[in-house]
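Worksheet for the structure shown next.
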Amino acid sequence: MSLSTPTTMLPAEEARGRRHFGQFSLRRRVLFSQLPLTISTLLVVVAVLVIDPGVAMESPFLAIGFGGIMFLTLLAGTIPWHRLPAVFYWIIPLLDFVAIAPLWTAARSVLDGMVLLTAFPVFWLAWSGLYPIFALSLGFLGTAAVNWWPYLAGTTPFSDALMESSLTRPVMVPFMMLSLGAAASILTRSMDKQRVELRASLETSKSQNRMLQAVVEASDVGILVVDRDGHDILMNQAQRRMHFIGMPPGAEDAAEHELLVFEADGTTPISIPDRPVVRALQGEDFRGRIIALGTDGSQQHLSVSASPMYDEDDRFDGTVVVFQNVTDLMDAIRAREQFVAEVSHEFRTPLTSIIGYLDVALEEDLDPVVRKFLTTSQRNAERLLGLVTSLLDSAANSSKVTVQQVNLALLVQTSVESVAVQAAKAGLTLEADLPERLDAQADPVKMGQVVDNLLSNAIKYTPDGGSVTVALRQVGGVDGAGEWAELAVRDTGFGMTEAEREKLFTNFYRTEHVRKAAIPGTGLGLAITQGFVRAHGGELLVSSEKDVGSTFTVRIPVNGPATERSREQ
């Protein structure tokens, strides 16, 4: 740790009262750097006095060295180093060499390894981070001076030391200390570089966090981040407003299970296990779940999506839930449907009257030209009436069905026969794989419309030379328990992409290929068909591949919708 480069303390560590060495004042750092040598010197003096007390009496060097170290320690803790240039605290380690020399002279005859005391000022100079080459040179010279001090001080006759080659024995010590100092200097410089890089990364991270926080708070989309234990990690301002809307009247705050959450109709409460946040905490990944939040005039419709998070071991680590306010969109859809219903209703009454009077007129003995004109008018009026009826069906409630015992095989056969001529004119092969009889509790009118719509679409969107196949079968349990009637209409037509399939059951939607080909249609048939199938407690599935063809599969319970069965019971 460089004395001249303090680090940044983390808030959590500051709260716990823990501080890094570089975070102390320069005076305390100088004192702490001196303390290891002071403690080691104290241990040496105690050891010498225990092993050979006569050393202190025979030579003043032990007391001089010990006193010098204590005095330097006092200076290290009292001088206001922060008011002086940083290099000034080198005075302490350089004077440490001076104090170690007499200590080493007095104690080397009692204890081995006394020269290692010079390692403390050598390391200090090296890890200071100031003028590395100069610091290493001073450490080398200081160690060399301490090693040869006994001979220079005259405690050993120089001529005798020269004769015994004593002067060459400690020659490697300064070089070893130089190597250690170089290693400490390299390590310190590396740590300083890493510390600078870490500080830069930390600043970048803080800047990115601030930017992300600003973006999240400025977003109109509600964002909620929850950890694996269900604790909120992040909730932006938009989500806090939505949370407030969902709270029960009079409550200042509410947990998730206490919020007023309803289905898209705004009245049907959503059970706790099926709520979006609860499902998200179970690791589910979903998109576009429509819910209503709150009651009365403050109720808002939200589109909820969730994406789970995973840790390095691929374990669930929380989830991100996004709430998009779609109240305006829902209001627009309802207004559109209401407009369509009202306009269509106003159209149907005069059209019915027109067609009726045309029927009466055609019963008269008319001029052929007039009859031709009237017949054309009647045909177009009936076509317009069919369009108006489809619009009304799309806006009306398709969830009501009147069930009775129906032979679905006969119903499908009748629809196939009615489009056989149309298929032949279009150059298509029409095949039917039907059982002799398949009874089910169903609404014959609406199921007839389902079959007619699917067959009409298959023929309309299949080019000349293609084929349309109709199959009906019974699947499921034994003795009618849990059994289903399954109708599949397969064609070799234009097919659809995945993006087109996702919008297929939207009112007025038509694929790009169909629009370019100018094939007549309103884009309402499949939406109406799906509504009829769901009203029977069934499902309408579609699989399609572009330029290969499509398969529409209708599955309804043989025993009728669940509501009808419960009513019978």
Side-chain angles (χ1 to χ4, degrees), residues 401 403-496 500-501 504-505 511 514 519 521 525-561:
V401 293
V403 300
Q404 63 186 62
Q405 189 77 6
V406 178
N407 181 0
L408 291 181
L410 179 59
L411 186 148
V412 175
Q413 180 63 38
T414 301
S415 295
V416 171
E417 291 174 355
S418 67
V419 298
V421 175
Q422 181 184 356
K425 287 183 178 180
L428 306 179
T429 301
L430 179 62
E431 299 179 355
D433 180 12
L434 309 176
E436 293 184 2
R437 188 177 187 86
L438 200 166
D439 292 327
Q441 293 290 326
D443 186 322
V445 176
K446 292 188 175 179
M447 283 306 300
Q449 285 185 258
V450 168
V451 180
D452 289 343
N453 282 342
L454 294 180
L455 286 174
S456 175
N457 283 348
I459 293 172
K460 186 188 301 183
Y461 302 130
T462 301
D464 186 9
S467 63
V468 176
T469 304
V470 184
L472 177 68
R473 63 173 182 161
Q474 186 170 332
V475 296
V478 182
D479 298 331
E483 290 192 344
W484 297 75
E486 183 178 277
L487 171 69
V489 179
R490 183 179 298 105
D491 64 62
T492 58
F494 303 132
M496 293 169 285
E500 291 173 335
R501 289 199 302 272
L504 188 61
F505 298 106
T511 64
V514 170
I519 299 175
L526 285 176
I528 296 171
T529 300
Q530 184 185 57
F532 289 161
V533 173
R534 288 180 174 176
H536 283 80
E539 57 182 348
L540 175 58
L541 307 175
V542 58
S543 62
S544 183
E545 186 176 347
K546 189 69 174 177
D547 299 326
V548 174
S550 305
T551 300
F552 289 83
T553 304
V554 175
R555 298 177 75 244
I556 63 171
V558 170
N559 292 331

Ignoring hydrogens and geometry, is there a side-chain-to-backbone donor-acceptor pair from Asp491 to Ser550 under 3.5 Å? yes

So how far is it from Phe532 CZ to Asn453 CG, rounded to the nearest 0.5 Å? 8.0 Å

For Trp484 and Pro557, which heavy atoms make the closest approach, and how far apart are they? CE3-N, 3.5 Å

Do you know the tightest heavy-atom contact between Gly448 and Ser415? O-OG, 4.3 Å

Please name the pair of heavy atoms, one in Leu438 and one in Ala485, separated by the smallest distance, quoted to 0.1 Å. CD2-CB, 3.9 Å

What do you reckon, is CZ of Arg555 surrounded by more than 12 foreign heavy atoms closer than 6.0 Å? yes

Can you check side-chain contact (heavy atoms from CB on, under 4.5 Å) on Glu539 and Arg534, steps first, answer last? CA-CA 6 Å; Glu539 57 182 348; Arg534 288 180 174 176; over 6 Å; no

Which pair of non-hydrogen atoms, one from Ala409 and one from Leu434, has the smallest distance, and what is that distance? O-CD1, 4.0 Å

Enumerate the side-chain hydrogen bond (donor to acceptor under 3.5 Å, both in side chains) contacts for residues 428-439, please, sequence neighbours excluded, ordered by first and then second residue. Arg437-Asp439

With side-chain contact (heavy atoms from CB on, under 4.5 Å) as the test, would you mind laying out the steps for Met447 and Ile556 before giving the verdict? CA-CA 10 Å; Met447 283 306 300; Ile556 63 171; 4.0 Å; yes

If we ignore hydrogens and angles and just use 3.5 Å, is the side chain of Thr553 paired with the main-chain N or O of Leu541 as donor and acceptor? no

Which residues pass the salt bridge (Lys or Arg N to Asp or Glu O under 4.0 Å) test with Arg490, sequence neighbours left out? none

Where Leu430 and Ala423 come nearest, the two heavy atoms and their spacing: CB-CB, 4.2 Å

Using side-chain heavy atoms (C-beta onward) and a distance below 4.5 Å, is Ser456 in contact with Val419? no

Rounded to the nearest 0.5 Å, what separation is found between the CD atom of Gln530 and the CZ atom of Phe552? 10.5 Å

Partners passing side-chain contact (heavy atoms from CB on, under 4.5 Å) against Gln404 (at least two apart in sequence or in another chain): Val406, Pro444

List the atom of Gln441, the atom of Pro561, and the distance in Å for their closest heavy-atom pair. O-CD, 4.4 Å

List the steps and the verdict of side-chain contact (heavy atoms from CB on, under 4.5 Å) for Leu408 and Leu487. CA-CA 9 Å; Leu408 291 181; Leu487 171 69; over 6 Å; no

Would the distance check show the side chain of Ser544 and the main-chain N or O of Met496 forming a donor-acceptor pair, the cut-off being under 3.5 Å? yes

